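Encoded as structure tokens, the structure appears first; notes follow it.
Every heavy atom of this structure was used, including side-chain atoms; hydrogens, water molecules and symmetry mates were not. Below, chain A is the first sequence line, B the second, and so on; all start at residue 1. Not measured: the values here are computed from a predicted model.
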Amino acid sequence: MGRSIIGPFQIQPRPMQEKYAPAEIERAAQQHWESTAAFRAVEDATRPKYYCLSMFPYPSGKLHMGHVRNYTIGDVLTRYHRMRGFNVLQPMGWDAFGLPAENAAMANAVPPAQWTYDNIAYMKQQLRSLGFAIDWTRELATCRPEYYKWNQWLFLRMLEKGLAYQKTGVVNWDPVDQTVLANEQVIDGRGWRTGAVVEKREIPMYYLAITQYAEELLASLDALPGWPERVKTMQANWIGKSYGVRFAFPYELPAPGGTTLPSPASGRGTEGEGSGGQETEKGLLWVFTTRADTIMGVTFCAVAAEHPLAARAARDNPALAAFVEECKHGSVMEADMATMEKKGMPTGICVSHPLTGERIPVWVGNYVLMGYGEGAVMAVPGHDERDLHFARKYGLPVKQVIEVPGKTFSAEAWQEWQADKEAGRCVNSGKYDGLGYRQAVDAIAADLKAKGLGDKQVIWRLRDWGISRQRYWGCPIPLIHCEKCGTVPVPDEQLPVVLPEDCVPDGSGNPLARRADFLDCACPKCGARARRETDTMDTFVDSSWYYSRYASADNAGAMVDERVKYWLPVDQYIGGIEHAILHLLYSRFWTKVMRDLGLVSFDEPFSRLLTQGMVLNEIFFRKPASGRISYFNPAEVEPKFDDKGNRIGAVLRADGAPVESGGIGTMSKSKNNGVDPQALIEQYGADTARFFMMFASPPEQTLEWSDSGVDGSYRFLKRLWAFAAGAREAVRAAPALPARLDGALAAVRRDIHLNLKQANYDFQKFQYNTVASAAMKMLNALERAPKDADYPALAREGLSILLRLLSPITPHICHHLWRELGFGEDILHAPWPEPLEAALAQDEVELVLQVNGKLRGAIRVPAAAAKEQIEAAALAAETAQKYLEGRPAKKVVVVPGRLVNIVV
RNA sequence: GCCGGGAUGGCGGAAUCGGUAGACGCAGCGGACUCAAAAUCCGCCGCUGGAAACAGUGUGGGGGUUCGACUCCCCCUCCCGGCACCA
């Protein structure tokens, strides 16, 4: 930086080609960057660093438009900051473990490893052809042992600290394939391949205690001003800290032996706490509520099907046992749980209201979640919408205990105000009558506490992170099962536990369970023959720390080293909004664990976050009566129209038979609705593809794919090329513009600098669609400028601004033209352009003239005119006189630089 | 269902703090060039009425605040993302 860029460029290249030939100039520019190692990032303590990271792709086969959008945004940011003088790092890698590789293996009998590595090779070549400023020397793939070794190593550290532990978890079980299904593989409650009704099954799993960090994960959202508000809101709601009251309904069962039922493990942290049935919990049904103020309105309680009380009641009630069994069918997905028909059955057991002693019946409800809170809820149908529907369905009583002045309570139809915490006051609640939400909760909690039946409690919606997957293509969990010693961690010096890469899964369970060479091992403790754990880790583990590994990618001896101190945290992270919660939350958690282990010294991994909107496309599918659903790419599908031109359906081109429409959704491998950018790149070149992606819409907005408009982007680049070619000789010979210009050229120059000013503002806002517009406007202005004496100098200044402004978006053509026009050797080293104040100044401004807020004309006033002068000029204007009709104006509003509004 | 976001011409979108709605493109229409086509260039282009000047109307729907609302407030509809085993 620092040296003068605008100056004669010595070498006289051969005459410039007339026609824009993107393939040639893109290859040449990419070769130039490669031969100069232009994007190799080297630690340099003397320069400010800028770590720009895009979420790494899953190697699904080909890039899709979502990738092109994501990586172009990242590349624009990278190149912009490079020209702003930062030492920039933009790495790339592969989120290489996951389900699609196993699906491909089943379909084509190819080992997931081979499929994955082939895909990586192809997609890497695609990324290279798009000209991204990536430091490929830091490339990583999470399926490589040298990477996942450190997943295993950190898992063992967590195990030592009690942050990793075992407990049972519920999974989707396909009874025909005898295998665990991912949520994605459950369609309408049935297995995707077999069509069998899915069952819930409890199996042992490993968990990471993310809830131990809940408080910090919530609090430190405030320390992330560079994150979108909506993402922080979503995370805060997901963590879900709620203040409420945990209390118990006492009961006595006529059962033999004075049965003690343990309180089920609460949603928090480690297992085992509270198990064994503490004395005080004897015969107590514990619930949690955020609405203790409605406690006098409880008319029944509902427990989950897995609740001990349900099991106890089902013991001698076959109908109830059948219902509990029925609740075990269907998927474990929360969305399904929330939308399914709410069903229940009475247990025949009654509990006592803790304050009134009233008998309260206990029901089993299929909508009560065992994993959240206590697995039991108090039901207040008068003031909870879901409870009211349930009560109406089963004829349970409804009581009003909250009133809002001016509102009439209904026990039949739900009204929003019935759950109002702000305006509500207690009624029909004895001593609590007249209290508001806060006071009522305090008073009731105090009374419950005095009786030893409860107290205020903080509860989290966040659950611990279950990382066990009963799948082959993932990172092995480094544990060994020994008959004598139990579960034993693999010693550090035996890491990594390497996944064999030649398995071909067939859809019926984990092939590792049939691999003797993987399974058989010696117990690290006693040396006896033992069996390796076959569960692998959730792929979110892989992506929870890869951003740190890029800084130490070549270090075989440590997870991370001192170079993370220079590069981390990530200055700008870019990725799809679909990752707003899980991936980003897990990464934040993992970072805090690494910090507490002394591995890194930052609290948050991503200083600034840009959440890219999804690229959507239509979804087409066929679902045979039995068997597996298949999706068809929109490119293979032809729409059908009726006489009036309305779309009535679509058929598959290959066989002419109809396909069903699945609406519109994210481009994805599983829905087969991705658009391969390859054809676009081959036909128009990378610059057009990049320009069009940026021009199509602002980055954070959802984008419905359509390639109409690509032609316009290509036309613009052709026009830019033609203009530069035509102006080349004049520009190379032209002097610099004088600081002060007059006449028509001054207006053109002002236009260019105004657009530059706007574009620089838009760069700050990541609004690249209007940056692209600004570049188009500049070219329009230059083309239309009068060709007088100062024109070559103006063209020179204008092009030098335009090329630099545009170079982050279309780097190849700008690289080439920068050299052709003699501005310098490498536009990468040019300083970022800033608008000249002198070029922006003007003597006179035009103000809009409104009458009663309606546009009626315009007036011209001196730029420095005072409000009084403007008002006088406006009132004197002919248009104003016409509407005033001799009357005085009631009011005149002057907005300097903008408008005058006369109210008559 | 719950949480988050969105809706502006035929289409993608612009409008920075409440101040000219529709910038910049696409498509379309008309014209120039051409034997013709492609490419390129010039002009028109929200809707209604009007020959025009111009007037009315218009930012998903309904209401409100304001001199003035795409923008702020209340209610509603539809679409998209997430919902813990897709990544």
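Its glycosidic angle being more than 90° from 0, B/G5 falls on the anti side. For B/C78, the base is anti relative to its sugar; the glycosidic angle deviates from 0 by more than 90°.
Taking only side-chain atoms of A/Leu855, from C-beta outward, the nucleotide of B/A21, B/A84, B/C24 with the closest atom is B/A21. Set against B/U20, B/A39, B/G81, the side chain of A/Ile577 has B/G81 as its closest nucleotide. The side chain of A/Tyr58 approaches B/A87 more closely than any other nucleotide in the set B/A87, B/G4, B/U20. Ranking B/G56, B/C86, B/A15 by closeness to the A/Lys765 side chain, first place goes to B/A15. Here the nucleotide nearest the side chain of A/Arg463, chosen from B/G82, B/C24, B/A84, is B/A84. Considering only side-chain atoms of A/Lys718, the nucleotide from B/A39, B/G12, B/G13 that sits closest is B/A39.
Proximity of A/Lys669 to the phosphate of B/A87: no side-chain N or O atom is located under 4.0 Å from OP1 or OP2. Neither OP1 nor OP2 of B/U20 sits under 4.0 Å from any side-chain N or O of A/Gln850. Remark: A/Arg469 is not in phosphate contact with B/A84, judged by side-chain N or O atoms under 4.0 Å from OP1 or OP2. Contact annotation: A/Ser706 side-chain N/O to B/C11 OP1/OP2 distance is not under 4.0 Å. Phosphate contact (OP1/OP2 of B/G68, side-chain N/O of A/Asn852, threshold under 4.0 Å): absent. Taking only side-chain nitrogens and oxygens, A/Thr666 comes nearer than 4.0 Å to OP1 or OP2 of B/G81.
With the nearest nucleotide of RNA chain B identified for both A/Gln470 and A/Glu783, A/Glu783 has the one nearer the 5' end. Of the two residues contacting RNA chain B, namely A/Glu229 and A/Val903, the nearest-nucleotide position lying further toward the 5' end is that of A/Glu229.
A donor-acceptor contact under 3.5 Å is not formed by the side chain of A/Asn237 with the base of B/C3.
With contacts defined as side-chain heavy-atom distances shorter than 4.5 Å, the pair A/Ser544/A/Trp465 qualifies. Residues A/Met667 and A/Met614 are not in side-chain contact: their nearest non-hydrogen atoms beyond the backbone lie 4.5 Å or more apart. Using a 4.5 Å cut-off on side-chain heavy atoms (C-beta onward), A/Trp473 and A/Pro505 make no contact. No side-chain heavy atom of A/Lys882 sits less than 4.5 Å from a side-chain heavy atom of A/Arg856.
The side chain to side chain donor-acceptor pair (under 3.5 Å) with A/Gln470 is formed by just one residue from the set A/Thr179, A/Asp535, A/Asn510; it is A/Asp535.
Nucleotides B/G12 and B/A7 place their P atoms 12 Å apart, quoted to the nearest Å. Nucleotides B/G31 and B/C24 are separated by 24 Å at their C1' atoms, to the nearest Å. Nucleotides B/A15 and B/U71 place their C1' atoms 10 Å apart, quoted to the nearest Å. For the C1' atoms, the distance from B/A69 to B/C17 is 14 Å, rounded to whole Å. Spacing between B/G18 and B/C70 at atom P, rounded to whole Å, works out to 13 Å. Rounded to the nearest Å, the gap between the P atom of B/G61 and that of B/G9 is 9 Å. Using atom P as the reference point in both B/U8 and B/A23, the two lie 16 Å apart (nearest Å). Between the P atoms of B/G22 and B/C47, the separation comes to 14 Å (whole Å).
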Do any N or O atoms of the protein come closer than 3.5 Å to N or O atoms of nucleotides 27-31 of chain B, and which pairs are they?
{"residue": "B/A27", "atom": "OP2", "partner": "A/Arg715", "partner atom": "NH2", "Å": "3.2"}

Audit row: A/Asp751, A/Lys777, salt bridge (Lys or Arg N to Asp or Glu O under 4.0 Å) steps and yes/no: CA-CA 9 Å; A/Asp751 208 4; A/Lys777 288 179 192 175; over 6 Å; no
Stepwise salt bridge (Lys or Arg N to Asp or Glu O under 4.0 Å) test for A/Lys393 and A/Glu341: CA-CA 11 Å; A/Lys393 183 168 178 175; A/Glu341 195 192 346; 2.7 Å; yes
Derivation of the side chain to side chain donor-acceptor pair (under 3.5 Å) call for A/Ser697 and A/Arg69: CA-CA 10 Å; A/Ser697 83; A/Arg69 192 183 198 195; 2.9 Å; yes
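Protein atom CD1 of A/Ile664 is 13 Å distant from nucleotide atom C1' of B/G81, rounded to whole Å. Rounded to whole angstrom, the span from the OH atom of A/Tyr714 across to the C1' atom of B/A39 amounts to 11 Å. Between A/Glu704 atom CD and B/C78 atom C1' the separation is 13 Å, expressed in whole Å. The interatomic distance linking A/Met614 (CE) with B/C80 (C1') rounds to 10 Å, in whole Å. Distance CG (A/Leu802) to C1' (B/C24): 14 Å, rounded to an integer number of Å. Distance CZ (A/Arg719) to P (B/C24): 11 Å, rounded to an integer number of Å. The NZ-C1' distance, from A/Lys854 to B/G58, rounds to 12 Å in whole Å. Between A/Asp762 atom CG and B/A15 atom C1' the separation is 11 Å, expressed in whole Å.
Heavy atoms of A/Trp238 sit under 4.0 angstrom from at least one base atom. At the heavy-atom level, A/Gly663 lies nowhere under 4.0 Å from the strands shown. Among the atoms of the strands shown, none is found under 4.0 Å from any heavy atom of A/Phe390. Using a 4.0 Å heavy-atom criterion, one finds that A/Val171 contacts the bases of the nucleic acid, with or without backbone contacts as well. Heavy atoms of A/Leu582 sit under 4.0 angstrom from at least one base atom.
Within residues 767-781 of chain A, the residues having any heavy atom closer than 4.0 Å to RNA chain B are, in order of number, A/Gln767, A/Asn769, A/Thr770, A/Ser773, A/Met776, A/Lys777, A/Asn780.
The local environment of NZ in A/Lys757 is sparse, with at most 12 non-hydrogen atoms from other residues, nucleotides or ligands closer than 6.0 Å.
Judged by distance alone, with hydrogens and angles left aside, the side-chain atoms of A/Asn172 form a donor-acceptor pair with the main-chain N or O of A/Val332 at under 3.5 Å.
Aromatic ring orientation, A/Trp115 versus A/Tyr58: tilted (interplanar angle from 30° to 60°). Ring geometry, A/Tyr71 versus A/His67: the interplanar angle falls under 30°, so the pair is classed parallel (tilted spans 30 to 60°).
Of all the heavy atoms in A/Tyr148 and A/Cys143, the pair that sits closest is CE2-O, 3.2 Å.
Taking the ring centroids of A/Phe56 and A/Trp94, they lie at or beyond the 6.0 Å cut-off.
A cation-pi contact, defined as under 6.0 Å to the ring centre and within 45° of the axis, is absent between A/Lys671 and A/Phe621.
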Dot-bracket encoding per residue of RNA chain B, Watson-Crick/G-U cut-off under 3.5 Å, | denoting interstrand: (((((((..(((......[....))).(((((.......))))).((((....))))..(((((..]....))))))))))))....
